[in-house]
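Keep in mind that the numbers below use all heavy atoms, side chains included, and drop hydrogens, waters and symmetry copies.
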Amino acid sequence: MANKKLVYFVSLSSNVPYVLKEAVKHAEQGNEISIFFDLDGARVLDKRYLKIIERTQNIDLAKLMKRAMDMGIGFFGCQMNVLIADGLELVDGAQLAGVATFLDIAYQADAVLSY
C-alpha cells in the first residue's frame with residue numbers, strides 16, 4: 001500500500017492524547033502526518049498547559065508529543081487562535097501557521113481527520 005498524507009485537525013484538547021497515539025501509529029506505517037491545533041486544542045502547544053495536564057491527568061503528553069515530533073510529525077498552531085495571541089509559550093518543535101498553510105497541506109492530503 002502506498003504511503004499516504006494524513007492531516008489531523010484538533011479543536012478539543014481532550015482529544016489530543018488519542019490523536020497523538022493514532023498519528024504515531026500511522027507515522028510508523030510510513031505515512032506523512034501533520035497535526036493542526038486550533039481553538040481549545042491549541043492549549044497543548046503551551047508549555048505551561050503540559051505541566052497542568054501531567055499533574056491532573058497523569059498523562060505524559062510532553063513525552064508523547066516529543067516522540068511524534070521525532071518521527072517527523074508536523075505540529076502547527078493556528079496563528080489566529082486567541083490562546084496563542086494571548087502569549088502562548090510554544091513547545092519546542094511546533095510552529096505557528098495560518099489558514100493558507102493549513103489549506104495548502106490539506107489539499108495535498110489523502111485524508112483530513114477532525115477531532
Side-chain angles (χ1 to χ4, degrees):
M1 183 165 91
N3 293 345
K4 297 190 183 244
K5 290 184 179 184
L6 303 174
V7 176
Y8 291 88
F9 185 87
V10 184
S11 60
L12 189 59
S13 62
S14 61
N15 290 335
V16 171
Y18 172 78
V19 169
L20 287 175
K21 290 174 188 174
E22 286 295 307
V24 165
K25 181 176 72 172
H26 285 115
E28 288 173 340
Q29 297 170 355
N31 297 304
E32 185 180 323
I33 310 294
S34 297
I35 306 174
F36 283 83
F37 300 86
D38 196 12
L39 304 170
D40 178 63
R43 290 180 191 274
V44 301
L45 296 180
D46 190 328
K47 293 176 183 179
R48 298 167 294 190
Y49 182 76
L50 290 178
K51 292 176 186 174
I52 292 169
I53 284 289
E54 286 178 23
R55 286 194 311 254
T56 60
Q57 296 184 15
N58 200 27
I59 296 172
D60 194 345
L61 199 54
K63 184 176 179 181
L64 189 55
M65 289 172 70
K66 181 171 178 358
R67 180 173 177 217
M69 287 184 202
D70 288 347
M71 296 179 77
I73 295 174
F75 280 59
F76 301 90
C78 180
Q79 67 187 20
M80 297 300 289
N81 190 301
V82 173
L83 296 170
I84 292 172
D86 245 359
L88 178 103
E89 291 181 29
L90 200 61
V91 296
D92 296 334
Q95 55 187 308
L96 297 179
V99 173
T101 301
F102 170 73
L103 291 175
D104 184 46
I105 293 173
Y107 286 148
Q108 296 176 34
D110 295 297
V112 177
L113 308 159
S114 180
Y115 291 88

Would you check if the side chain of N3 reaches a backbone N or O of N31 as a donor-acceptor pair within less than 3.5 Å? no

Are F76 and L61 connected, step by step, through hydrophobic side chains (Ile, Leu, Val, Met, Phe, Trp, Tyr) whose heavy atoms are closer than 4.5 Å? no

Quick one, R67 and I73 - any side-chain contact, counting heavy atoms below 4.5 Å? no

Nearest 0.5 Å please: distance from the CG atom of D60 over to the NZ atom of K66. 12.0 Å

Is there a path of hydrophobic side-chain contacts, each under 4.5 Å between heavy atoms of I, L, V, M, F, W or Y residues, that connects V112 with L39? no

Rounded to the nearest 0.5 Å, what's the gap from CE on M65 to CG on D70? Could you check? 12.0 Å

When clusters are formed by joining ILVMFWY residues with side-chain heavy atoms under 4.5 Å apart, either directly or through shared neighbours, do Y18 and L6 land in the same one? yes

Verify the cluster assignment for L64 and L90: are they in a single hydrophobic cluster under the rule of side-chain heavy atoms below 4.5 Å apart? yes

Between CG on residue N15 and CG on residue L113, distance to nearest 0.5 Å: 12.0 Å

Return the set of residues passing ring-ring contact (aromatic ring centres under 6.0 Å, His included) with F102 (not counting sequence neighbours), or none when no residue passes. F9, F36

Atom pair CG (D104) and OG (S34), whose distance is rounded to the nearest 0.5 Å: 10.5 Å

Check whether any side-chain heavy atom of L20 sits under 4.5 Å from a side-chain heavy atom of I35, and report yes or no. yes

Closest contact, heavy atoms only, A27 versus M71: CB-CE, 3.8 Å

Shared hydrophobic cluster, I105 / L45 (ILVMFWY, side-chain heavy atoms < 4.5 Å): no

Does a side-chain heavy-atom distance below 4.5 Å link Q108 with K5? yes

With ring pair (Phe, Tyr, Trp, His ring centres under 6.0 Å) as the criterion, how do F75 and F37 come out once you've worked through the C-alpha distance, each side chain's angles and the decisive distance to 0.1 Å? CA-CA 8 Å; F75 280 59; F37 300 86; 5.4 Å; yes

Working to the nearest 0.5 Å, report the span between CD of Q79 and CD of Q95. 11.0 Å

CG of L96 to SG of C78: how many Å apart, nearest 0.5 Å? 9.0 Å

Contact check, side chains of D92 and K47, non-hydrogen atoms, under 4.5 Å: yes

Check: Y8 and I33 side chains under 4.5 Å, non-hydrogen atoms: yes

For A109 and V7, work out which heavy atoms get closest and say how close. CB-CG2, 3.6 Å

Compute whether any side-chain donor of one residue and acceptor of the other, for S11 and D38, lie under 3.5 angstrom apart. no

Just wondering, more than 12 heavy atoms not from E22 lying within 6.0 Å of its CD? yes

